[in-house]
Chemist: 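Just dropping this structure here.
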Amino acid sequence: MPTRDSVYSPLTVWQTLVVTTAITFFAGEFGPAGRWLVVGVLALALLKGSLVALHFMELRHAPTVWRLSVLGWLWLVVLGIVGAYLKGMP
Amino acid sequence: MSSSRTSSSSLVLSTPRVLQGDIAVWIFLLAELLAFGVFFLAYAFARARNPGLFDAEQAGLDRQSGLINTLLLVSSSALVAQAVAVVRRAGADASQRAAAALLGAIACGLGFIVVKGHEYAAHFAAGMELSSSTFSMFYLGLTGFHFFHVVLGLVVLVVLWRQTAAGVYRPGDANGLESGAAYWHMVDLVWLVLFPLVYVMH
């Protein structure tokens, strides 16, 4: 049975990062501009950033305060950007 | 059978929660994240005040270069994570295999520099300056600040590569490698927000 660590090996995390990066790019090229693009690509950025923080930076095994510091930074930045963009929408 | 169950459950219960790498490096990383975070939010709120200008000037960016650079950075980061995993598992030729992964990570990082350098050259040839517009100030400031971190990270990776090839790092004794790796992942993490923010969202 695959363990949690083998599911999140550098290879599988990399594959997810590549696919979500491609989706982000094509959404920008061919998707509709506006709030759905903003929310969609930032949701993917949250996913990608969490994978890097938890599995590459190995915060999944770190004391809670460190894990929450980095993930909290990511959420604050992303939510702040969403707020600013929605404020700037016509 | 019962002994294997005991050992696996005690493994789960007793796995210590540890921060990989040096705590001083991590404090430095948090400060870096804070600086980038302020910069990102400043960009987003500046755009909110002038979405027309930002959209028009963003259309002049080379999004394909942004895509290639994102792929290069996530690949580089994955190779560094792989190098750490190989050193930790030990085994035959662990140092050489980890060093090879780090060399691949360095190649990806250099690729990022080349692609971004091309983009800057095209912008400057088109007359873009920091003072051209609010957008160009943020674009050049934000990506330039990140570019500087990539260059610094590459210097760190070269040191790690040489040390790893020399067999300095071993399972349970790889603090330097883990600290440098965390720095490089931070550079990747920041770009994963920067790419959609600056190149994609409109």
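Here is how names work: the chains are called A, B, and so on, in the same order as the sequence lines, proteins then strands, and each is numbered from 1. Because the structure is predicted, anything quoted here is derived from the model rather than measured.
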Chemist: If I measure from the heavy atoms of chain A, does B/Ile27 come under 4.5 Å with its side chain, its backbone, both, or neither?
Modeler: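 For B/Ile27, the contact with chain A is made by backbone and side chain together.
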Chemist: Using heavy-atom distances under 4.5 Å, tell me whether A/Leu59 contacts chain B through its side chain, its backbone, both, or neither.
Modeler: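 Only the side chain of A/Leu59 comes within 4.5 Å of chain B.
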Chemist: Where on A/Val77 is there a heavy atom nearer than 4.5 Å to chain B: the side chain, the backbone, both, or neither?
Modeler: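 Its backbone and side chain both get close to chain B.
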Chemist: B/Tyr183 vs B/His149 aromatic rings, parallel, tilted or perpendicular, using cut-offs 30° and 60°?
Modeler: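 Parallel.
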Chemist: Non-hydrogen atoms of chain A under 4.5 Å away: do they reach the side chain of B/Gln20, the backbone, both or neither?
Modeler: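 The side chain, not the backbone.
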Chemist: Got a donor-acceptor contact below 3.5 angstrom from the B/His146 side chain to the B/Val187 backbone?
Modeler: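 Checked: pair present.
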Chemist: Could you measure the distance from the OH atom of B/Tyr43 to the CZ atom of B/Phe135? Nearest 0.5 Å is fine.
Modeler: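 Reported value, rounded in 0.5 Å steps: 4.5 Å.
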Chemist: Taking CH2 in A/Trp14 as the centre, count heavy atoms belonging to other residues, nucleotides or ligands within less than 6.0 Å. Is the count above 12?
Modeler: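 Result for CH2/A/Trp14: open.
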Chemist: Using a cut-off of under 4.5 Å on heavy-atom pairs, state which of A/Ala53, A/Gly49, A/Pro63 scores highest against chain B.
Modeler: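 Top count of heavy-atom pairs under 4.5 Å with chain B: A/Pro63.
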Chemist: Between A/Val82, A/Ile81, A/Leu42, who has the most heavy-atom pairs with chain B when the cutoff is under 4.5 Å?
Modeler: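 Most pairs with chain B among the choices: A/Ile81.
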Chemist: Is it the side chain or the backbone of B/Val84 that comes within 4.5 Å of chain A heavy atoms, both, or neither?
Modeler: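 Answer is side chain: those atoms of B/Val84 sit under 4.5 Å from chain A.
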Chemist: Check each atom of B/Trp26 against the heavy atoms of chain A and say whether the ones under 4.5 Å are side chain, backbone, both or neither.
Modeler: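 Looking at B/Trp26, backbone and side chain both touch chain A.
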Chemist: Heavy-atom distances under 4.5 Å only: say whether B/Leu19 touches chain A with side chain, backbone, both or neither.
Modeler: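 Both parts, backbone and side chain.
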Chemist: What part of B/Arg63 is in contact with chain A, defined as an atom under 4.5 angstrom from a non-hydrogen atom: side chain, backbone, both or neither?
Modeler: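 Contact with chain A: backbone and side chain both.
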Chemist: Under 4.5 Å heavy-atom distance to chain A, tell me which part of B/Leu197 shows up: side chain, backbone, both or neither.
Modeler: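 Backbone plus side chain of B/Leu197, per the 4.5 Å heavy-atom cut-off to chain A.
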Chemist: Look at the rings of B/His123 and B/Tyr139 and say which category their plane angle falls in: under 30° parallel, 30 to 60° tilted, over 60° perpendicular.
Modeler: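 Aromatic pair B/His123/B/Tyr139 classed perpendicular.
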Chemist: Under a 3.5 Å threshold, yes or no: a donor from one side chain and an acceptor from the other, between B/Tyr199 and A/Thr24?
Modeler: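 There is no such pair between these side chains.
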Chemist: Looking at B/Leu34, B/Leu79, B/Val74, which makes the most heavy-atom pairs under 4.5 Å with chain A?
Modeler: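 It is B/Val74.
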Chemist: Take a 6.0 Å sphere around CH2 of A/Trp66 and say whether it holds more than 12 heavy atoms from other residues, nucleotides or ligands.
Modeler: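 Yes, because the 6.0 Å sphere around CH2 of A/Trp66 holds more than 12 heavy atoms from other groups.
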Chemist: When only pairs under 4.5 Å are counted, which of A/Leu17, A/Thr21, A/Leu76 shares the most heavy-atom pairs with chain B?
Modeler: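 The answer is A/Thr21.
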Chemist: What part of A/Leu46 is in contact with chain B, defined as an atom under 4.5 angstrom from a non-hydrogen atom: side chain, backbone, both or neither?
Modeler: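 Contact with chain B is absent: no heavy atom of A/Leu46 under 4.5 Å.
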Chemist: With a 4.5 angstrom heavy-atom cut-off, is it the side chain or the backbone of B/Leu33 that approaches chain A, or both, or neither?
Modeler: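 Contact with chain A: backbone and side chain both.
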Chemist: Quick check for you: among B/Ala81, B/Ala182, B/Gly21, B/Ala46, which has the greatest number of heavy-atom pairs under 4.5 Å with chain A?
Modeler: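 Option with the greatest count: B/Ala81.
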Chemist: Can you establish whether the number of heavy atoms outside A/Gln15 located under 6.0 Å from its atom CD is more than 12?
Modeler: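 Counting other residues, nucleotides and ligands, CD of A/Gln15 exceeds 12 neighbours.
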Chemist: Can you say whether the rings of B/Phe54 and B/Phe138 are parallel (under 30°), tilted (30 to 60°) or perpendicular (over 60°)?
Modeler: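 The arrangement is tilted - the two ring planes meet at 30° to 60°.
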Chemist: Go through the atoms of A/Leu51 and report whether side chain, backbone, both or neither lie under 4.5 Å from a heavy atom of chain B.
Modeler: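 A/Leu51 has no heavy atom closer than 4.5 Å to chain B.
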Chemist: Hey, does B/Leu29 have a side-chain heavy atom less than 4.5 Å from the side chain of A/Met57?
Modeler: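 Yes, side chains in contact.
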Chemist: Judged by atom type as modelled, is there a donor-acceptor pair below 3.5 Å linking the side chain of B/Arg162 to the main-chain atoms of B/Leu157?
Modeler: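 Checked: no pair found.
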Chemist: Which bit of A/Val18 comes within less than 4.5 Å of chain B, counting heavy atoms only: side chain, backbone, both or neither?
Modeler: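 Both parts, backbone and side chain.
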